[in-house]
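This report concerns only the one structure given below.
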Amino acid sequence: MQRYAVMFRIRPGTEDKVRDLLATYAPPEWVTPDGTRLLSTSIFMKDGLVIRMIEIDGNLPSVMAHLGRQPSVQKLERELDQYLADGHQRDVSSPDGARAFFQRALMEHVTTRRATFEDAPT
């Protein structure tokens, strides 16, 4: 499993609208044509900063292309555009535009720590 996160900023005063959009859009198909699995998505927001995290089993470029073709994700991205802060606008209507956004917005993964319960005393 791999985790990835992207960040972007929204305009002040739009938090409620953005929260509603991000909490209610229809989920995408969870498996890509090449078998990559989207395991989960999480969205965090504070003070105009939005973090979208995904967990996948497979290939990141495959899941990004897959998500870019999903009607519910395309609709969400179009609706989000009006709330983005200056400097955070993007064009995700084309593969090149989506790729440029993700390259700019992708956060560096520093570490993941997991508990190992099989080694714990019982």
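All values below come from the heavy atoms of this structure, side chains included, with hydrogens, waters and symmetry mates left out.
- Closest non-hydrogen pair, Ser72 versus Ala26, comes out as OG-O, 2.8 Å.
- For Asp57, the side chain to side chain donor-acceptor pair (under 3.5 Å) partners are Arg37, not counting sequence neighbours.
- Applying the side chain to side chain contact (heavy atoms under 4.5 Å, CB included) test to Pro33 and every residue at least two apart in sequence or in another chain returns His66, Arg69.
- Contact between Ile54 and Val63 at its shortest, heavy atoms only, is CD1-CG1, 4.1 Å.
- Take Phe44 and apply the side chain to side chain contact (heavy atoms under 4.5 Å, CB included) test, not counting sequence neighbours, and it matches Ser42, Ile51.
- Gln74 places a side-chain N or O within donor-acceptor distance of the main-chain N or O of Gly68, the cut-off being under 3.5 Å.
- By the 4.0 Å N-to-carboxylate-O rule, Asp81 lies too far from Arg78 to be salt-bridged with it.
- With sequence neighbours left out, Thr24 forms a side chain to side chain donor-acceptor pair (under 3.5 Å) with no residue at all.
- When the options Ile43, Ile10, Leu84 are evaluated for a side chain to side chain contact (heavy atoms under 4.5 Å, CB included) with Val18, the one that passes is Ile10.
- Of the possible polar contacts, none joining the Glu77 side chain to the Lys75 backbone as a donor-acceptor pair under 3.5 Å is found.
- Pairs engaging residues 26-36 under the side chain to side chain donor-acceptor pair (under 3.5 Å) rule: Thr32-Asp34, Thr32-Ser62, Asp34-Thr36, Asp34-Ser62 [sequence neighbours left out].
- Put simply, the side chain of Thr112 reaches to within 4.5 Å of the side chain of Arg114, judged on heavy atoms.
- Annotation: side chain to side chain donor-acceptor pair (under 3.5 Å) contacts of Arg104 (sequence neighbours excluded): none.
- When the side chains of ILVMFWY residues are joined at heavy-atom separations under 4.5 Å, either directly or via intervening members, Phe8 and Leu60 end up in a single hydrophobic cluster.
- Linking Ile, Leu, Val, Met, Phe, Trp and Tyr whenever their side-chain heavy atoms come within less than 4.5 Å puts Leu21 and Leu67 in one cluster.
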